[in-house]
Enquirer: 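Can you read through this structure? Questions will come right after.
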Amino acid sequence: MDCIFCKIAAGEIPSTKVFENDKIVAFKDLNPQAPVHLLVIPREHIASADEVNADNALSIAEIFKNIPSIAADAGLTNGYRIITNIGEDGCQSVKHMHFHILGGTKLAERMC
Ligand code: DGP
């Protein structure tokens, strides 16, 4: 499968990783939209949050289990935002589920 985030998870494409374990990887977004902009992905290919099911839900739990320490290590002591875009209307450009972690400044109140 030609998936850029599978390749990042496998180390076949370089990225600035800030955390990884056997189930998930967190790395810096190539085009940051905030002073801190990280992406957290499952190693297993899940196309979007719309594809979460009983078989892959443990990967999602692992992501949310680790986000607090990933955010703290990035210096996000005053809050942050987690976003996952889904499909065309959600403006998802990479079809491997990922959670954006945005922070390091007061974020806009509007969500869209
Ligand atoms: P989304 O629009 O939700 O699918 O966001 C995809 C994000 O992925 C976007 O903010 C840019 C980032 N991105 C795309 N390609 C790469 C890459 O090769 N490396 C890194 N670090 N980030 C990437």
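Read the numbers this way: they start at 1 and go in the same order the structure lists the ligands and their atoms.
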Enquirer: Tabulate below the donor-acceptor pairs under 3.5 Å that side-chain atoms of residues 23-39 make, not counting sequence neighbours, or state none.
Expert:
{"residue": "Asp29", "atom": "OD1", "partner": "Asn31", "partner atom": "N", "Å": "2.7"}
{"residue": "Asp29", "atom": "OD2", "partner": "His37", "partner atom": "NE2", "Å": "3.3"}
{"residue": "His37", "atom": "ND1", "partner": "Gln33", "partner atom": "N", "Å": "3.0"}
{"residue": "His37", "atom": "NE2", "partner": "His100", "partner atom": "ND1", "Å": "2.8"}

Enquirer: Count the heavy atoms of every other residue, nucleotide or ligand shown that sit under 6.0 Å from NZ of Lys17, and state whether that count exceeds 12.
Expert: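 Above 12, so yes.
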Enquirer: Are the side chain of Arg81 and the backbone N or O of Ala108 linked by a donor-acceptor pair below 3.5 Å?
Expert: yes
Enquirer: Students should find this: residues with any non-hydrogen atom under 4.0 Å from ligand 1. What is the answer?
Expert: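 Within 4.0 Å of ligand 1, the protein residues are Ile4, Phe5, Ile8, Phe27, Lys28, Asp29, Leu30, Leu39, Asn85, Cys91, Gln92, Ser93, Val94, His98, His100.
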Enquirer: Is it true that a side-chain atom of Asn53 and a backbone atom of Asn56 form a donor plus acceptor pair closer than 3.5 Å?
Expert: yes
Enquirer: Applying ring-ring contact (aromatic ring centres under 6.0 Å, His included) between Phe99 and each of Phe64, Phe5, Tyr80, report the one that passes.
Expert: Phe64
Enquirer: Can you find a pair of side-chain heavy atoms, one from Glu62 and one from Pro42, that are under 4.5 Å apart?
Expert: no
